[in-house]
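What follows is one structure encoded as structure tokens, with my remarks underneath.
Computed from a prediction, not measured in an experiment: that's the story for all the values here. Convention: sequence-line order gives letters A, B, ...; per-chain numbering from 1.
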Amino acid sequence: MNTVRVRFAPSPTGYLHVGGARTALFNWLYARHHDGVFVLRIEDTDLARSTDEATQVILDALQFLGMDWDEGPGVEGDYGPYYQSKRLDLYGKYADKLMEMGRAYKCYCTPEELEKKREEQIKQGQATHYDRHCLHLTAEQEAQYQAEGRTPVIRFKSLDEGVTEVDDMIRGKVRFDNVAQVDDFVIMKSDGMPTYNFAVVVDDALMRITHVIRGEDHLSNTPKQIQIYQALGFPVPRFAHIPMILGPDKSLLSKRHGATSVMQFKEEGYLSHAMVNYLALLGWSYDDSQTLFSIPELIEKFSLERVSKNPAVFDIQKLEWMNGVYIRELSLEDLYSEILPYWQQAGFLPQDVNSELKDYGLRILKELQPRLKLLADAVDLARYFFTDDYEYNQEVVEKILTKPQTKEILKYISEAVANASVLDEENLKPLFKQGLEQFGVKMGDLIQPLRVALTGTNVSPGIYDVLALLGRERVLERIKRTLEMLEERS
RNA sequence: GCCCCCAUCGUCUAGCGGCCUAGGACAUCGCCCUCUCACGGCGAAGACACCGGUUCAAAUCCGGUUGGGGGUACCA
């Protein structure tokens, strides 16, 4: 049996888009499922925009998602180099070969001339295609063009009849009319660089790619590529065109829909596992019930047969939910490791955390864990545990601390806290209950003002946990501070 | 303009002729738990785009319409 060889071929434009990440994931899962080879190839022929940094960003993003490649940057294999910019001689070589065979020719037409013809064709209701003006140029005509300073491109001479069929693993057989749909497209630009449709064939063929799994936006270009494969005598790989990812308005997902960069998601506090699991479900499903998958499970269960044909809207809410699920699955130790950088950046914890502080962090995390959707949420939710410098939510103060008896209640709690042997539920609850009788109120009327006094908000973990974490000294200080604030107001 | 792809709840989807009074997940709403918020539990609402066929039988097959997406470049 032949080894499955798939590839992900991003162009380094500065970041890895979630659509690209999903394409990479499907390739990676397919390779791992079939014990195949996952190749990473950098399509950096756009020299103006491609930089080493931009490439590194993509590698980092793939690494974050746990997609390791078997051949590619940093992992030399038998079919390198894996940067298109280092393969330029190959494209020239195969373009020459096509010209020798009479399957390619030089074209001196200018973009302006071509645009004019194109407009004319559209006006007449025809399909747009090159009119082969330069197919049979005489030596004199060529010399004339060169004298005019024109630099030629090389065009592929496409088939004059018949149809080219794409046997897509997801969409089935798709037929394209050779004459109308495959024109003599450019394979080498005037600057000597190959065009995408040409380079991708040369590279995929030379790298022995067996399955081309890519976005549906490439489906229409596939017949062109197949004709190149055939002209060059290369075996044609299998194709699988996966559905596009759309924004909420059903247009192609892009920056204007919000974050689309994988690394940006990472910074906001999305876990690698959640990203991968969610992305896997965008266009693929296993059965009618399972939505949560471990990575090994994904590898085991993934198949192209179960990839959907319809485009999928990127649903950030579902991703958030899933992130919460995986945050809750983390051990406290692991959660701490994930959140430490956020707390350090917020100035809550120093670069070197001693064991006492770490233990405190762990205790906080125990309470925060079920409340987190994003790792970054742990900053705002934990602020009052680390600093006295937090804002009082004025709306909440208005609503809760203005009730009658509030000051008396807080004073009562202050005494209870001062007198309790240990600040925990067992010791405090009886004292609080006494207060209920004394003031003739319910537990909430006692706890909510206390919560506001201690946290500045009406949302926090259970009050006994907050009390225990803050400790007697800070609790008393904060109640005192709150009482002073109330005095000033009245 | 021309060509290609697609069409089940708001969203992701299950469904590959009878198992469907269409299942699950997110989101929404209600109830429970409860000191708030989460978590968790229970429940509700919510879809086969439309029109023709084929068939004893259609969400499932075929055609058309409409809608959405993509391609049509010296971008990838």
As its Watson-Crick or G-U partner within any shown strand, both distances under 3.5 Å, B/rG40 has B/rC32

Is a salt bridge present between A/Arg383 and A/Asp380, judged by a nitrogen-to-oxygen distance below 4.0 Å?
-> yes

Against the side chain of A/Arg155, the closest entry in B/rU72, B/rC74, B/rU11 is B/rC74

Closest to side chain of A/Met443, choosing from B/rU72, B/rC12, B/rC35 = B/rC35

Atom-to-atom span, OH of A/Tyr145 to P of B/rC74 - whole angstrom | 16 Å

So which one's nearest nucleotide on RNA chain B is more toward 5', A/Ile447 or A/Pro243?
-> A/Pro243

Output all residues satisfying salt bridge (Lys or Arg N to Asp or Glu O under 4.0 Å) with A/Glu165, sequence neighbours left out; order by chain, then residue number.
-> A/Arg175

Between A/Ser460 and A/Ala180, who's closer to the 5' end of RNA chain B by nearest nucleotide?
-> A/Ala180

Whom does B/rC61 pair with, Watson-Crick or G-U wobble, provided both distances fall under 3.5 Å?
-> B/rG53

Nearest-neighbour nucleotide for the A/Lys250 side chain, B/rC35, B/rA73, B/rU11 considered = B/rU11

May I ask you to say what A/Pro248 touches in the nucleic acid, namely base, sugar-phosphate or nothing, with a heavy-atom cut-off under 4.0 Å?
-> nothing

Side chain of A/Arg451, base of B/rC35: donor and acceptor closer than 3.5 Å?
-> yes

Between B/rG1, B/rC12, B/rC74, spot the one nearest the side chain of A/Ile122, thanks.
-> B/rG1

A/Leu454 CG - B/rC35 C1' separation (whole Å) = 12 Å

Measure distances between side-chain N and O atoms of A/Arg171 and base N and O atoms of B/rC5, and say whether any donor-acceptor pair falls under 3.5 Å.
-> no

Strictly under 6.0 Å, is that where the ring centroids of A/Phe26 and A/Phe8 end up?
-> no

Hey, can you tell me if A/Tyr196 and A/His218 have their rings parallel, tilted or perpendicular (30° and 60° cut-offs)?
-> tilted

Presence of salt bridge, A/Glu115 and A/Arg118, under 4.0 angstrom = yes

Answer with base, sugar-phosphate or nothing: what part of the nucleic acid does A/Phe176 contact at a heavy-atom distance below 4.0 Å?
-> sugar-phosphate

Closer than 4.0 Å, any side-chain N/O of A/Lys123 to the OP1 or OP2 of B/rC2?
-> no

Could you please name the partner base of B/rG10, counting Watson-Crick and G-U wobble pairs only when both distances are under 3.5 Å?
-> B/rC26

Nucleotide paired to B/rC48 in any strand shown, Watson-Crick or G-U, under 3.5 Å = none

Write down the distance between CG (A/Asp217) and P (B/rC75), rounded to a whole number of angstrom.
-> 17 Å

Within the structure, does a side-chain N or O atom of A/Arg371 lie under 4.0 Å from either OP1 or OP2 of B/rU36?
-> no

May I ask you to check whether A/Gln84 and A/Arg87 show a side-chain donor-acceptor distance below 3.5 Å?
-> no

Spacing of A/Glu119 atom CD relative to B/rA73 atom P, expressed in whole Å = 12 Å

For residues A/Asn178 and A/Gln227, is any side-chain donor paired with an opposing acceptor at under 3.5 Å?
-> yes

Can you give one letter per nucleotide of nucleotides 15-29 of chain B, going 5' to 3': B for a protein heavy atom under 4.0 Å from the base, S for sugar-phosphate only, - for none?
-> S-------BSBBS--

When you check the phosphate oxygens OP1 and OP2 of B/rA73, does a side-chain N or O of A/Arg118 lie under 4.0 Å from one of them?
-> yes

Pairwise C1' distance, B/rA73 and B/rG15 [rounded to whole Å] = 41 Å

Euclidean distance for P, B/rC33 against B/rC16 (whole angstrom) | 42 Å

Any A/Asn310 side-chain N or O less than 4.0 Å from OP1/OP2 of B/rU8 = yes

For the side chain of A/Pro111, starting at C-beta, report the closest nucleotide among B/rC74, B/rU13, B/rA76.
-> B/rC74

Provide the Watson-Crick or G-U wobble partner of B/rC19, both distances under 3.5 Å; none if there is no partner.
-> none

Does A/Ser251 make a side-chain N or O approach to OP1 or OP2 of B/rG68 shorter than 4.0 Å?
-> no

Ranking B/rC4, B/rC12, B/rC37 by distance to the side chain of A/Ser220, first place goes to B/rC4

Would you give me the side-chain donor-acceptor pairs under 3.5 Å for residues 304-311 of chain A, sequence neighbours excluded?
unit_1   : atom_1 : unit_2   : atom_2 : d
A/Arg306 : NE     : A/Ser285 : O      : 2.9
A/Arg306 : NE     : A/Tyr286 : O      : 2.8
A/Arg306 : NH2    : A/Tyr286 : O      : 3.3
A/Ser308 : OG     : A/Asn310 : N      : 3.1
A/Ser308 : OG     : A/Asn310 : OD1    : 2.6

Pairwise P distance for B/rC48 and B/rA7, with rounding to whole Å | 16 Å

Do any side-chain nitrogens or oxygens of A/Lys189 fall under 4.0 Å of OP1 or OP2 in B/rA76?
-> yes

Take atom CD1 of A/Ile245 and atom P of B/rC6, then tell me their distance rounded to the nearest Å.
-> 18 Å

Atom CG of A/Asp183 and atom P of B/rG71 are separated, to the nearest Å, by 16 Å

Got A/Asn458 and A/Asn393 here, is their nearest side-chain heavy-atom distance under 4.5 Å?
-> no

Rounded distance in Å - CG (A/Asp168) to P (B/rG70) | 18 Å

Shortest non-hydrogen contact between A/Leu431 and A/Tyr412, atoms and distance | O-OH, 2.6 Å

Can you tell me how far P in B/rC6 sits from the matching atom in B/rC61, rounded to whole Å?
-> 11 Å

Whole angstrom value for the distance that separates P of B/rC3 from CD1 of A/Ile226 = 20 Å

